[in-house]
*Asks:* 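Below are the structure tokens for one structure; questions will follow.
Small disclaimer: the values here were computed from a predicted structure and weren't measured.
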Amino acid sequence: MTPVGDFRVTQRAPGWTTGPLGTMFDSLYFVGGIAMHGSTKVSLRPASHGCVRLPLETSKRLYELAKIGDPVYVRGEPFPKRRAGAGKAGRGRR
């Protein structure tokens with residue numbers, strides 16, 4: 001779960017790297033093993049064990065801009081509260 005708070009970029013890992021939970025592109029670590037990184041699969045729903053997945057082009061640009069020590073501000077609730085009755089049966093309906 002991505003923590004909410006104020007952090008700083010602590011480590012940069014260029015290009016594709018592989019960790020225990022999969023592959024990451026242009027990773028910017030900001031707390032422990034949690035990073036903002038590019039991914040070929042960016043879900044619209046919470047789907048990470050903590051990292052912030054970004055589209056590849058976004059991660060490339062962010063990696064160019066962000067340096068060690070730059071601030072990272074994580075805001076909001078880690079997982080949005082679900083509406084009552086919005087379980088599996090409610091998927092796909094509008």
Side-chain angles (χ1 to χ4, degrees):
M1 174 176 359
T2 305
V4 174
D6 299 344
F7 308 96
R8 296 210 174 261
V9 174
T10 58
Q11 184 179 348
R12 295 164 38 96
W16 287 100
T17 57
T18 301
L21 298 175
T23 57
M24 307 174 288
F25 182 75
D26 281 351
S27 303
L28 297 166
Y29 291 87
F30 60 94
V31 60
I34 297 175
M36 297 177 283
H37 64 80
S39 176
T40 58
K41 297 177 183 176
V42 179
S43 176
L44 297 177
R45 300 177 190 272
S48 174
H49 287 81
C51 288
V52 178
R53 293 186 205 171
L54 304 167
L56 294 177
E57 288 302 316
T58 302
S59 68
K60 286 179 191 177
R61 183 69 178 128
L62 186 59
Y63 194 85
E64 291 172 359
L65 295 171
K67 305 296 179 218
I68 299 290
D70 282 355
V72 176
Y73 305 109
V74 180
R75 298 291 183 259
E77 294 182 37
F79 292 98
K81 293 180 181 169
R82 298 181 80 160
R83 294 186 328 264
K88 290 183 181 179
R91 288 188 185 160
R93 291 190 288 167
R94 295 195 180 239

*Asks:* Got a list of side-chain donor-acceptor pairs under 3.5 Å for residues 5-28, not counting sequence neighbours?
*Replies:*
residue, atom, partner, partner atom, Å
Asp6, OD1, Arg75, NH1, 2.8
Asp6, OD1, Arg75, NH2, 2.6
Arg8, NH1, Gly69, O, 2.7
Thr10, OG1, Tyr29, O, 3.3
Arg12, NH1, Tyr63, O, 2.9
Arg12, NH1, Ala66, O, 2.4
Asp26, OD1, Gly15, N, 2.7

*Asks:* Any chance you could measure Arg53, atom CZ, to Lys41, atom NZ, to the nearest 0.5 Å?
*Replies:*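 Nearest 0.5 Å value for the CZ-NZ distance: 8.5 Å.
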
*Asks:* Which atom pair, heavy atoms only, marks the closest approach of Leu65 to Asp70?
*Replies:* O-OD2, 3.8 Å

*Asks:* Show the nearest heavy-atom pair for residues Val42 and Pro55, with the distance to one decimal.
*Replies:* CG2-N, 3.7 Å

*Asks:* State which residues pass salt bridge (charged side-chain N to carboxylate O under 4.0 Å, His left out) with Arg61; sequence neighbours excluded, sorted by chain then number.
*Replies:*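 Only Glu64 meet the salt bridge (charged side-chain N to carboxylate O under 4.0 Å, His left out) criterion with Arg61.
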
*Asks:* When rounded to the nearest 0.5 angstrom, what distance separates OG in Ser39 from CG in Leu56?
*Replies:*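 Result: 7.0 Å between the selected atoms.
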
*Asks:* Side-chain contact test, heavy atoms from C-beta onward, threshold under 4.5 Å: evaluate it for Cys51 versus Met36 and give yes or no.
*Replies:*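 No; the side chains remain at least 4.5 Å from each other.
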
